[in-house]
Amino acid sequence: MTTDLDVVPAELIALADALRDAEATRSAVPPPSSLQAGLSLDEAYRVQRLNIHRRAQRGEVLVGHKVGLTSLAMQRQLGVDQPDFGVITDRMVIPNGGSIDVEDLIAPRLEAEFAFRFASDLPATPTLDELTAGLGGVAVAIEIIDSRVADWRITLVDTVADNASSARIVYGDFEPASEATIAALPSTVITLVQDGQDVASGPGSAVLGDPLTSLHWLASAIGEYGDRFRAGDVVLAGAVAAAVPLTPGSTWEATAEGFRPVSLSSTAHVSTSQGK
């Protein structure tokens, strides 16, 4: 079966190459929208899918999805007016309590959010009831976003092409997705803590009014591209507050009532030639 990745225009391949190389070299590039005038949202998702396809060819395993730009705070922070989505692979996942070398990234930021794990396959365009029935668990998570675009000078199409500015994720232990747990999510506040100090917080209602609304939006959005949620998928519903710069030498934790916390530490590689 022919797909839209079988014959990709040279200009979209060039954008995908630039973003891929920027991530590999940790050297940011100009916004894709400045390199190709009139870049459409569909073309931007095509660039995203091309680089995800390349990741899969290198042996990375697709383990989930993320919704981005779901909160008003994040939309204002980045100057956009609608959500987007990206793909998560196994090499983006940090174990709970693990560490991240900040110098592996370009200009990283952290977001606190809810993560969901699906217990069963869903149809491409599930109803809200079907989506809820397919949930297996809910956890608190931290997403590390990073822009391969210089100085975060992005429009919607720029972040879409850049896999929704995805970099790394870490999630805590999953709680059963009971009716009570799901119903309480809009009023449940997640707090991001740096070295014991609260640095950001927000309720689940900051995510399109309800994290389930975000998941349902995503299910329909990826369904338009022939994809769907599958058993075992981990899905991030979107940030509850504006992103915080990821600085080295700190311990970070996200907490919420009714959930076990999730944490990671940030480090920075020190060159052996430093000071010589």
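The 12-atom threshold is exceeded at CD of Q57, counting heavy atoms of other residues, nucleotides or ligands nearer than 6.0 Å.
Residues T181 and F259 have side chains in contact (heavy-atom distance under 4.5 Å, counting atoms from C-beta outward). Using a 4.5 Å heavy-atom cutoff, the side chains of L215 and F114 are not in contact. Side-chain atoms of R168 and L105, non-hydrogen and from C-beta on, do get closer than 4.5 Å to each other. No side-chain heavy atom of T267 sits under 4.5 Å from any side-chain heavy atom of P248. With a 4.5 Å cut-off on side-chain heavy atoms, V102 and P108 count as touching. Two residues are said to be in side-chain contact when any heavy atoms from C-beta on lie closer than 4.5 Å; P32 and L19 meet this criterion.
Exactly one of W217, F229, F85 qualifies for a ring-ring contact (aromatic ring centres under 6.0 Å, His included) with H65. That residue is F229. L264 pairs in a side chain to side chain contact (heavy atoms under 4.5 Å, CB included) with only one of the listed residues (I94, I169, T251, N96), which is I94. The only member of L156, D158, I154 that meets side chain to side chain contact (heavy atoms under 4.5 Å, CB included) when paired with S33 is D158.
One finds the CG atom of L110 at 9.5 Å from the OG atom of S250 (value rounded to the nearest 0.5 Å). In this structure, CD in Q48 is found 13.5 Å from CG in L15, a value given to the nearest 0.5 Å. Residue R109 holds its CZ atom at 12.5 Å from CD of E143, rounded to the nearest 0.5 Å. Note that CZ of R228 is 9.5 Å distant from CG of D233, once rounded to the nearest 0.5 Å. Atom-to-atom distance recorded for R230:CZ and L62:CG is 9.5 Å, nearest 0.5 angstrom. Annotation: the span from L135 atom CG to I182 atom CD1 amounts to 5.0 Å, rounded to 0.5 Å.
In the hydrophobic clustering of ILVMFWY residues, with side-chain heavy atoms under 4.5 Å counting as a link, I144 and V170 come out together. A single hydrophobic cluster is not seen to contain both I106 and V29; linkage of ILVMFWY side chains at heavy-atom distances under 4.5 Å, directly or through other members, places them apart. Following chains of ILVMFWY side-chain contacts shorter than 4.5 Å, one can reach V93 starting from L236, so the two form part of one hydrophobic cluster. When hydrophobic clusters are built by joining Ile, Leu, Val, Met, Phe, Trp and Tyr residues whose side-chain heavy atoms come closer than 4.5 Å, directly or via intermediates, V87 is not grouped with V8. Under the 4.5 Å side-chain contact rule for hydrophobic residues, V47 and V157 share a cluster.
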**Request:** Please step through side-chain contact (heavy atoms from CB on, under 4.5 Å) for the pair W252 and L246, ending with a clear verdict.
**Result:** CA-CA 9 Å; W252 306 83; L246 174 61; 3.5 Å; yes
**Prompt:** Taking it one step at a time, do L122 and L131 satisfy side-chain contact (heavy atoms from CB on, under 4.5 Å)?
**Reply:** CA-CA 7 Å; L122 267 63; L131 182 142; 4.0 Å; yes
**Message:** Pair Q36, E43 - check side-chain contact (heavy atoms from CB on, under 4.5 Å), show working.
**Reply:** CA-CA 10 Å; Q36 182 181 328; E43 288 172 330; 3.6 Å; yes
**Request:** Before giving the answer on side-chain contact (heavy atoms from CB on, under 4.5 Å), spell out for M92 and R55 the whole-Å C-alpha distance, their side-chain angles and the decisive distance to 0.1 Å.
**Result:** CA-CA 11 Å; M92 298 178 186; R55 286 179 180 271; 3.6 Å; yes
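D198 places no side-chain N or O within 3.5 Å of a backbone atom of V193 that could act as its donor or acceptor partner. Side-chain N or O atoms of D210 include none that pairs as donor or acceptor with a backbone N or O of S205 at under 3.5 Å. Put simply, the side chain of N163 never gets that close to the backbone of G86: no donor and acceptor are under 3.5 Å apart. Not one N or O on the side chain of R117 forms a donor-acceptor pair closer than 3.5 Å with the backbone of A115. Put simply, the side chain of D84 never gets that close to the backbone of A164: no donor and acceptor are under 3.5 Å apart. A donor-acceptor pair under 3.5 Å links the side-chain atoms of D162 to the main chain of R148, judged by distance alone. A donor-acceptor pair is defined here as one N or O able to donate and one able to accept, closer than 3.5 Å; such a pair exists between the side chain of R26 and the backbone of E103. A side-chain donor-acceptor contact under 3.5 Å links S266 to the backbone of T247. Looking at S147, its side chain does come within 3.5 Å of a backbone N or O of V149 through a donor-acceptor pair.
Taking both residues in full, the closest heavy atoms of P211 and G204 are given as CD-O, 3.4 Å, listed atom of the first, atom of the second, then distance. The two residues I190 and V140 have their closest heavy-atom pair at CG2-CG1, 3.9 Å. When all heavy atoms are compared, the tightest approach of V207 to A239 is CG2-O, 3.6 Å. Scanning all heavy atoms of the two residues, the minimum distance from V67 to A237 falls at CB-O, 3.7 Å. Between A231 and D121, the shortest heavy-atom contact is N-OD1, 2.8 Å. Contact between A22 and A28 at its shortest, heavy atoms only, is CB-CA, 4.5 Å.
A salt bridge is defined here as a Lys NZ or Arg NE, NH1 or NH2 lying under 4.0 Å from an Asp or Glu carboxylate O, and D17 with R54 meets this definition.
With no hydrogens or angles considered, a side-chain donor-acceptor pair links S165 and T159 at under 3.5 Å. Side-chain contact check for D129 and T132: no donor-acceptor pair (N or O, by modelled atom type) lies under 3.5 Å.
Using bins of under 30°, 30° to 60° and over 60° for the plane-to-plane angle, the ring pair Y225/Y45 lands in the tilted bin.
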